[in-house]
Amino acid sequence: MDSVKQSAALCLLRLYKASPDLVPMGEWTARVVHLLNDQHMGVVTAAVSLITCLCKKNPDDFKTCVSLAVSRLSRIVSSASTDLQDYTYYFVPAPWLSVKLLRLLQCYPPPEDAAVKGRLVECLETVLNKAQEPPKSKKVQHSNAKNAILFETISLIIHYDSEPNLLVRACNQLGQFLQHRETNLRYLALESMCTLASSEFSHEAVKTHIDTVINALKTERDVSVRQRAADLLYAMCDRSNAKQIVSEMLRYLETADYAIREEIVLKVAILAEKYAVDYSWYVDTILNLIRIAGDYVSEEVWYRVLQIVTNRDDVQGYAAKTVFEALQAPACHENMVKVGGYILGEFGNLIAGDPRSSPPVQFSLLHSKFHLCSVATRALLLSTYIKFINLFPETKATIQGVLRAGSQLRNADVELQQRAVEYLTLSSVASTDVLATVLEEMPPFPERESSILAKLKRKKGPGAGSALDDSRRDPSSHDINGGVEPTPSTVSTPSPSADLLGLRAAPPPAAPPAPSGAGNLLVDVFSDSPAAQPGLGPSPEEAFLSELEPPAPESPMALLADPAPAADPGPEDIGPPIPEADELLNKFVCRNNGVLFENQLLQIGVKSEFRQNLGRMYLFYGNKTSVQFQNFSPTVVHPGDLQTQLAVQTKRVASQVDGGAQVQQVLNIECLRDFLTPPLLSVRFRYGGAPQSLTLKLPVTINKFFQPTEMAAQDFFQRWKQLSLPQQEAQKIFKANHPMDAEVTKAKLLGFGSALLDNVDPNPENFVGAGIIQTKALQVGCLLRLEPNAQAQMYRLTLRTSKEPVSRHLCELLAQQF
């Protein structure tokens, strides 16, 4: 009978794959799920394969399988190899079934039932523990089976992205494989760590392996492993290590395989722009890139550097000087000539005072490259020459002689001939004033999304979304050099049931997204930028704050802005928040990015950044079905008097969302004064003719406007005594709800917004922090102390601020995280 059930399940699976419409589930669903309880392991294995296929189309119909799958997995993982003798493979109990169960669980979000979730976490911890045990056999089959389960376990941990302790442990385990003698294991470890690097909880742990990854980039014999190492360096890059990583990638580029050179060039260009701390480093990096690999520097790259230099006055002189020096090399790539021609034509006057770079010298240097260049570059140089006539009248006769030459006026190429004739006539006929008007300096480019990241994703091909989505954890990691907020857009994808945001799997960028593979519906949330920011201005804070300033009513930009949307519904016009709204909000207290809500129809993802009393949030609405959403309308509602405490400007989104697509909504947020209640997000749309609505709590809490403050021990205790009134202190003693791990606790406190002060508390096990809540009306100083008691599995949290409601509210918010 067991073999009949097993054969029936496999046969049904083949039928379903051949013609899904021929397999009506309905009353069969419960019977199929119940097969997971069967005593015969062959039946269970066949049933898991069948359910994994069926649940991708109808996830809600099979969600009861999660608890059964966890139960079965727990029994396998906790069993000894002798308990399942018939299904033990080289001392590993039922490895194929274990892998299938772990893949089935990846079709669903983390279990809501606390008991089931606890049992699953215990299973995952057991697998990680067993990976540390000495092997029971030296046979390769034993290690293959053991590692297959381990890697699938790590994939599930990454998919959930909700257990900081497990994510850090998974990262440490993968770190051990980076130097394994087996090439396949090194490859898989690098690939998995690329995804872990995008998690707020494990990013720091991934960064600890930077030296090993750089060494792999230099010494690996296998090109595919070197490519994964480059991907991981790109994924782990942030402001703290950007210069080191960019330098290593440039060094590697000189000897890199031709097949991946263009990809490395794009990555270096993206990182240089995103994490540049000053423009001189950015300009040097891009020019070095052109020098080393000019053939692989696409138009998108050198266009971008011209946009940034044109838009920033403080770098124009340096760029002109640097490109002038670069052009003096005997062998100069044509892309360098293009960049040099444009920059000197616009800003050559800034270096003309130096006799070594006088106008005649600049012209002679550029014209010496003219005959070696393509038609497009020659056309650009002719435009530079006419610009020189305006900038440097002393070069007029020389340049007119060049334009008058027969090789230009009778050039076989129509474009070059027309430019030569028109520029010669313009320089001869027009007065000085007219010439100055026609040839005045180019105005700043309109801030727009960088197209480099989109090109990189096209280069990587389908399914590369998660590996490239570097918009992840650190708000300061967004594009600061000329990106702008992306406009709402939709992306068609082939997989409606996939992870719409790639947030669980792993990225940001400001370019039109490329189609993703089945594993990732939203390719481009990081344009990394989701949020492209203005640029390397006087300081990151000033740049960020100036970008969030709305345009003045009388400015041209204000006239071009979208007309004001219709009035948002009030709290009385929407339903109450969904029951799990508080739990979903709690997930975002110490993090800025992630999936806010997900059901069988809709996925809502969040990426946000905050500085001082201002913030910007990106909401990504993904249609998981194959049916278009009609009348799609997400609105932000201020309950009570929240409108006087928090200002939220929203951008409208498209009213129709195609099946398997996503739209993005941008919110600009200003904290006017301290608040206790978050705004509400009301989402309404029609699906298949039926109205749908839900109300969530927007993840904007008072700690988002926390600015960390460093102080010495003496200053801390002095301030602590000043905040000694009873109403200024809030204290809570509570039992730990999660494993007590010092690194995870530290990450949560940093995510909460506080600066962690070392060597302040006499007890080194305690955590002490300080910060300031920034609002428009006032600043609220805050000091905190967290005392963990590992033996009793308890915490004592004490917060002192100058305002009683803020003390109590912050204490409640932070206590829920432990």
inquiry  = Please evaluate residues Arg169 and Asn129 with respect to the criterion side-chain contact (heavy atoms from CB on, under 4.5 Å), reporting the C-alpha separation (whole Å), side-chain torsions for both, the decisive distance (0.1 Å), and the verdict.
reply    = CA-CA 10 Å; Arg169 287 195 60 189; Asn129 291 337; 2.6 Å; yes
key: side-chain contact (heavy atoms from CB on, under 4.5 Å) evaluation trace for Ile245 with Met236   = CA-CA 9 Å; Ile245 288 177; Met236 70 166 64; 4.0 Å; yes
inquiry  = Please evaluate residues Asp278 and Asp314 with respect to the criterion side-chain contact (heavy atoms from CB on, under 4.5 Å), reporting the C-alpha separation (whole Å), side-chain torsions for both, the decisive distance (0.1 Å), and the verdict.
reply    = CA-CA 10 Å; Asp278 61 72; Asp314 57 333; over 6 Å; no
task = Check the pair Glu204 / Glu743 against side-chain contact (heavy atoms from CB on, under 4.5 Å), numbers first and verdict last.
result = CA-CA 10 Å; Glu204 291 299 322; Glu743 289 302 315; over 6 Å; no
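The distance from the CD1 atom of Ile264 to the CD atom of Glu262 is 11.5 Å, given to the nearest 0.5 Å. Taken to the nearest 0.5 Å, the CD1 atom of Ile210 stands 12.5 Å off from the CG atom of Asn215. Taking OH from Tyr90 and CG from Asn144, the interatomic distance works out to 10.5 Å, rounded to the nearest 0.5 Å. Rounding to the nearest 0.5 Å places CZ of Arg304 at 11.0 Å from CG of Leu306. Distance check: Asp758 CG to Phe767 CZ gives 10.0 Å after rounding to the nearest 0.5 Å. Rounded to the nearest 0.5 angstrom, Glu334 CD and Thr377 OG1 are separated by 3.5 Å.
Between the side chain of Asp161 and the main chain of Gly594, no donor-acceptor pair closer than 3.5 Å is present. Panel note: side chain Gln664, backbone Tyr618; no donor-acceptor pair is recorded below 3.5 Å. Distance alone, capped at 3.5 Å, is enough to place a donor-acceptor pair between the Arg261 side chain and the Ala256 backbone. Judged purely by atom type and a 3.5 angstrom limit, Arg616 has no side-chain atom pairing as donor or acceptor with the backbone of Glu609. In this structure, Ser199 contributes its side chain and Leu196 its backbone to no donor-acceptor pair below 3.5 Å. For Gln707 (side chain) and Arg611 (main-chain N/O), no donor-acceptor pair under 3.5 Å exists by modelled atom type. With hydrogens and angles disregarded, a donor-acceptor distance shorter than 3.5 Å links the side chain of Arg226 to the backbone of Glu220. Within the 3.5 Å criterion, the main-chain N or O of Pro708 finds no donor-acceptor partner in the side chain of Ser754. Between the side chain of Gln316 and the backbone N or O of Val309, at least one donor-acceptor pair lies under 3.5 Å. For the pair Thr322 (side chain) and Ala319 (backbone), a donor-acceptor distance under 3.5 Å is absent.
Two residues are said to be in side-chain contact when any heavy atoms from C-beta on lie closer than 4.5 Å; Leu105 and Tyr160 meet this criterion. Within the 4.5 Å cutoff, the side chain of Gln132 has heavy atoms near those of the Gln176 side chain. Inter-residue side-chain proximity for Phe201 and Leu166 is flagged as unmet; no heavy-atom pair is nearer than 4.5 Å. Side chains of Glu163 and Ile157 form no contact here, defined as non-hydrogen atoms less than 4.5 Å apart. A 4.5 Å side-chain heavy-atom check between Gln106 and Glu152 finds at least one atom pair inside the cut-off. Residues Asp741 and Val168 form no side-chain contact, since every pair of their non-hydrogen atoms from C-beta on lies 4.5 Å or further apart. Counting only heavy atoms from C-beta outward, the side chains of Phe620 and Leu596 never approach each other to under 4.5 Å. Under the 4.5 Å side-chain criterion, counting only non-hydrogen atoms from C-beta, Glu248 is in contact with Lys218.
Ala770 approaches Leu757 most closely through the heavy-atom pair CB-CD1, 4.0 Å. Scanning both residues, Pro739 and Glu125, for their nearest heavy atoms gives CG-OE2, 4.4 Å. In terms of heavy-atom proximity, Leu102 sits nearest to Ile149 at CD1-O, 3.8 Å. When all heavy atoms of Val595 and Lys587 are compared, the pair lying nearest together is O-NZ, 3.3 Å. Considering every non-hydrogen atom in both Gln173 and Leu128, the closest pair reads OE1-O, 4.2 Å. Cys237 approaches Ala242 most closely through the heavy-atom pair SG-CA, 3.5 Å.
Remark: the Asn335 side chain and the Tyr296 side chain contain no N/O donor-acceptor pair separated by less than 3.5 Å. Judged purely by distance below 3.5 Å, without hydrogens or angles, the side chains of Arg312 and Tyr279 pair a donor atom with an acceptor atom. For the residue pair Lys207 and Ser240, a side-chain donor N or O sits within less than 3.5 Å of a side-chain acceptor on the partner. There is a side-chain donor-acceptor pair under 3.5 Å between Arg291 and Asn288.
Judged as a ring-ring contact (aromatic ring centres under 6.0 Å, His included), and not counting sequence neighbours, the contacts of Phe151 are Phe177. Judged as a side chain to side chain contact (heavy atoms under 4.5 Å, CB included), and not counting sequence neighbours, the contacts of Lys748 are Pro164, Cys590, His738, Val744, Gln817, Phe818. Annotation: side chain to side chain contact (heavy atoms under 4.5 Å, CB included) contacts of Thr285 (sequence neighbours excluded): Val246, Leu250, Val268, Ala272, Trp281.
Within 6.0 Å of the CD atom in Gln328, the count of heavy atoms belonging to other residues, nucleotides or ligands exceeds 12. Enclosure of atom NZ in Lys130 by more than 12 non-hydrogen atoms of other residues, nucleotides or ligands within 6.0 angstrom is indicated.
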